[in-house]
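Ligands are counted one by one from 1 in listed order, and the atoms in each one are counted from 1 as well. Remember, it's a predicted structure, so these values are computed and weren't measured experimentally.
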Amino acid sequence: MLVDTHSHIEMSDFTSDLGEVVARAQGCSVGAIICVGLNLSDSARAVQLAQEYPCIYATVGVHPHDAQSIVAATYPQLEELAQSAKVVAYGEIGLDFFHDLSPRAVQRERFAEQLAIAARLGLPVVIHDRDAHAETLAIIRSSPHRRGGVFHCFSGDVAFARQCLDEGFYISITGVVTFPKAQELREVVEFVPLSRLLIETDCPFLTPRPHRGKRNEPAYVSLVAQALAEIKGITVAEVALTTTANAEKLFGISLREEGSQDG
Ligand code: NI
């Protein structure tokens, strides 16, 4: 069984065929899909989907792109949403100094504030870090948050991966690992112990080979598992077993193989 630990199936890209998307994922042994909130309304939609589908779990938070959309009423409403039993983490939050869609000073402040909220809620965090590695870690270190979390769609090198591991974080790998140019990411996968790796699609973005050019979806997390198995020289079953156990531990969820045929 696999877990897609980071998806955006709450986005309008999936409105017309979400039932089929979820069914295809289940057909590819995806036992759970984490639906990650990007802003207040998007987080509300993620929580709603988690309530509709047993295999979907949600996170709530405001992405660095939307940091400047945060107003006084935003945080109490996110905290209210976080009371749902299906909310398993806070995020995605962090810094994006590549797109710079919100001013950097605003991104820094809203990131620190949300780490404090996550700490108060007792939730792990889903971190978005793009071209801001050192500063992202520095803000985490100076925050009261000690519950750990995941660097999603990891984009650093081995040295930065080591620092994230030292800080107690998991490293999550997307379909980018299947791209020809992603040699540095493959080195990170080789370096990071399987016990600290998670897999994700970040769908509808970052479609893995051989489906590039099409919309990404949770079923394709199986291609990420396959890539990890090839890089580490182990079986897909080993990747599935350990990364799913990692996801269960971090997000506090428990997946049972229903009607398991292989005992
Ligand atoms: Ni995302």
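- Across every non-hydrogen atom of Arg196 and Phe169, the tightest pair is NH2-O, 3.0 Å.
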For residues 90-98, dump all side-chain donor-acceptor pairs below 3.5 Å to protein atoms at least two apart in sequence or in another chain.
| unit_1 | atom_1 | unit_2 | atom_2 | d |
| --- | --- | --- | --- | --- |
| Tyr90 | OH | Gln114 | OE1 | 2.8 |
| Glu92 | OE1 | His128 | ND1 | 3.1 |
| Glu92 | OE1 | His152 | NE2 | 3.1 |
| Glu92 | OE2 | His6 | NE2 | 3.0 |
| Glu92 | OE2 | His8 | NE2 | 3.1 |
| Asp96 | OD1 | Phe98 | N | 3.0 |
| Asp96 | OD1 | His99 | N | 2.8 |
| Asp96 | OD1 | His99 | ND1 | 3.4 |
| Asp96 | OD2 | His99 | ND1 | 3.2 |
| Asp96 | OD2 | His128 | NE2 | 2.8 |

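- Counting backbone and side-chain atoms alike, Cys153 contributes no N/O/S atom closer than 2.8 Å to the Ni ion (ligand 1).
- Within Glu92, the N, O or S atom lying nearest to the Ni ion (ligand 1) carries the name OE2.
- With sequence neighbours excluded, no residue forms a side chain to side chain donor-acceptor pair (under 3.5 Å) with Gln107.
- Of the N and O atoms on the side chains of Gln163 and Glu167, not one donor lies less than 3.5 Å from an acceptor on the other residue.
- Put simply, His6 gets within reach of the Ni ion (ligand 1), with an N, O or S atom under 2.8 Å from it.
- Rounding to 10°, one obtains 80° for the angle at the Ni ion (ligand 1) between OD1 (Asp202) and NE2 (His8).
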